[in-house]
Amino acid sequence: MALLTPLFAFLYHLPQVYKWLLKPYYIASLFMSVAFLLVRKTPGVCEHLSTQREDGNSCDFDWREVEILMFLSAIVMMKNRRAITVEQHVGNIILFSKVANVILFFRLDVRMGLLYLTLCIVFLMTCKPPLYMGPEYIKYFSDKTIDEEIERDSRVTWLVEFFANWSPECQSFASIYADLSLKYNCSGLKFGKLDVGRYADVSKKFKVSTSPLSKQLPSLVLFQGGKEVMRRPQVDKKGRAVSWSFTEENIIREFNLNELYQKSKKLSKGKAEKFPPVPEEEEVEPEPETKGEESESKKDK
């Protein structure tokens, strides 16, 4: 049963996965991830490669290559245990497959290793994963608008995500955060985002590190009355982020979103009762004249 549940979940989301994987970024990443496999197995190419197999078959993996691939599988399985979304699962497979390809190509031929490494660097600098473009109820802040918005109404609670477009973790979290905004957004509970990769001053003000090695991206901060009351991941006294999993269940539980949502709905009803809508005036139609009145009017004429 433990194996059937993820299988059924994968089959249920299979059409969405196909649509997502057919984007150019993932097609190119897929080819780069299986590059060594293609080179080692393609007839007309593999015959000219070196091998350490005893039978001299250069079109099959030798024992060292099998060992590297098995180690890659173990690393991917360990990393994917903490993966939340399909994007993170696929991203981990692509990342560590490229690392394994670099090692395998360098072991096979230094020139091929340098060529593949150069292609990986160029691809990393020029190609970015596609951004989430689905439905959401999220307000995007700039460095000049964030303070004004979260302090405008002390009765409104804000859940703000500090993110960076270049961060794979932020890109994977985008769909989860959008889904939460669709479920819990109301007049008293609002969702916002700010790109700290663009606004360095804001990242310093809210103490969100934008270092490439930072574990604070993304950061979720809850504001009530214009002041911060909670954030995840937490940061210790030395400025290090405490490891935290950005699953939908964790966010709902840690930030008490169900309770906040119910309180916010009551706030909305209170506003409606305080300022009831003004009823529209009904147009009064003139009463039709009777026959007697019509005859009197004719006599007068």
Side-chain angles (χ1 to χ4, degrees), residues 131-165 167 169-210 214 216-235 239 241-242 244-281:
L131 300 176
Y132 176 78
M133 299 298 290
E136 58 184 24
Y137 285 132
I138 297 174
K139 173 74 174 181
Y140 283 80
F141 299 124
S142 68
D143 56 342
K144 298 178 181 179
T145 61
I146 181 169
D147 291 330
E148 178 185 352
E149 288 290 341
I150 64 178
E151 295 175 3
R152 176 175 295 177
D153 190 342
S154 60
R155 296 170 297 179
V156 176
T157 298
W158 281 94
L159 184 62
V160 180
E161 178 197 354
F162 294 92
F163 73 103
N165 277 328
S167 169
E169 289 78 11
C170 294
Q171 294 165 0
S172 300
F173 180 61
S175 59
I176 297 175
Y177 191 62
D179 188 51
L180 287 171
S181 73
L182 294 172
K183 292 178 180 178
Y184 291 98
N185 183 79
C186 61
S187 60
L189 176 59
K190 298 184 179 182
F191 292 75
K193 293 181 75 169
L194 187 139
D195 187 354
V196 289
R198 295 178 57 189
Y199 306 109
D201 294 339
V202 178
S203 66
K204 292 178 182 178
K205 177 180 178 180
F206 291 97
K207 299 178 181 179
V208 179
S209 174
T210 56
S214 172
Q216 295 184 42
L217 293 174
S219 281
L220 282 181
V221 181
L222 188 71
F223 294 94
Q224 290 181 332
K227 297 181 180 179
E228 177 184 335
V229 295
M230 181 190 295
R231 77 163 57 200
R232 292 292 183 273
Q234 293 177 304
V235 180
V242 179
W244 195 71
S245 181
F246 281 88
T247 63
E248 184 171 328
E249 295 77 12
N250 280 353
I251 296 168
I252 294 171
R253 183 180 64 254
E254 291 290 316
F255 290 94
N256 294 321
L257 288 187
N258 289 321
E259 183 179 347
L260 285 174
Y261 181 67
Q262 294 301 325
K263 289 181 178 179
S264 301
K265 286 174 67 177
K266 291 179 181 178
L267 174 64
S268 303
K269 291 179 181 178
K271 288 181 179 179
E273 292 173 359
K274 186 176 180 181
F275 303 104
V278 179
E280 295 181 0
E281 295 183 358

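- From Gln216, atom CD reaches atom OG1 of Thr210 across 9.5 Å, with rounding to the nearest 0.5 Å.
- Closest approach of Leu217 to Ser209, counting heavy atoms only: CG-O, 3.8 Å.
- Side chain of Gln171 to backbone of Asn165: a donor-acceptor contact under 3.5 angstrom is found.
- Closest of all the heavy-atom pairs between Gly192 and Phe141 is CA-CE1, 3.7 Å.
- To the nearest 0.5 angstrom, Ile251 atom CD1 is 13.0 Å from Asn256 atom CG.
- Between Trp244 and Gln234 there is no side-chain heavy-atom pair separated by less than 4.5 Å.
- A 4.5 Å side-chain heavy-atom check between Lys139 and Lys190 finds every atom pair outside the cut-off.
- Here the side chains of Val235 and Lys207 are not in contact, with every heavy-atom distance at 4.5 Å or above.
- The CG atom of Leu257 sits 10.5 Å away from the CD atom of Glu259 when rounded to the nearest 0.5 Å.
- Across every non-hydrogen atom of Glu161 and Pro218, the tightest pair is OE2-CB, 3.5 Å.
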* Tyr199 and Leu194: side-chain contact (heavy atoms from CB on, under 4.5 Å), yes or no, with the steps? -> CA-CA 8 Å; Tyr199 306 109; Leu194 187 139; 4.1 Å; yes
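- Between atom CD1 of residue Ile252 and atom NZ of residue Lys183 there is a gap of 6.0 Å, rounded to the nearest 0.5 Å.
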* Apply side-chain contact (heavy atoms from CB on, under 4.5 Å) to Leu222 and Leu260, showing your working. => CA-CA 11 Å; Leu222 188 71; Leu260 285 174; 4.2 Å; yes
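- Two residues are said to be in side-chain contact when any heavy atoms from C-beta on lie closer than 4.5 Å; Thr157 and Phe255 fail this criterion.
- When each of Glu254, Glu248, Arg253 is tested with Asn250 by the rule side chain to side chain donor-acceptor pair (under 3.5 Å), just one qualifies, namely Arg253.
- The heavy-atom pair separating Ala174 from Lys193 by the smallest distance is CB-NZ, 4.4 Å.
- Annotation: side chain of Asp143 is not in contact with side chain of Asp201 (no heavy-atom distance under 4.5 Å).
- Interatomic distance, CH2 of Trp158 versus CG of Asp153, reported as 10.5 Å (0.5 Å rounding).
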* To do: Go through the steps to decide whether Val202 and Asp195 satisfy the test side-chain contact (heavy atoms from CB on, under 4.5 Å), and finish with yes or no.
  => CA-CA 9 Å; Val202 178; Asp195 187 354; over 6 Å; no
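- Side chains of Tyr137 and Leu182 form a contact here, defined as non-hydrogen atoms less than 4.5 Å apart.
- Contact annotation: the side chain of Ser203 never approaches that of Phe162 to less than 4.5 Å [non-hydrogen atoms, C-beta and beyond].
- Expressed to the nearest 0.5 Å, how far CD of Glu249 lies from CD1 of Ile176 amounts to 8.5 Å.
- Note: Phe191 and Tyr177 have perpendicular aromatic rings, judged against thresholds of 30 and 60 degrees for the angle between ring planes.
- The heavy-atom pair separating Ile138 from Ala178 by the smallest distance is CD1-CA, 4.1 Å.
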* To do: Could you walk me through whether Leu159 and Tyr184 pass the side-chain contact (heavy atoms from CB on, under 4.5 Å) test, one step at a time?
  => CA-CA 11 Å; Leu159 184 62; Tyr184 291 98; over 6 Å; no
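- The two residues Cys186 and Ser264 have their closest heavy-atom pair at SG-CB, 3.2 Å.
- Salt bridge annotation for Lys205-Asp147: present, with a cationic side-chain nitrogen under 4.0 angstrom from a carboxylate oxygen.
- The closest side-chain donor-acceptor pair between Ser167 and Glu169 falls under 3.5 angstrom.
- Residues Phe173 and Leu220 have side chains in contact (heavy-atom distance under 4.5 Å, counting atoms from C-beta outward).
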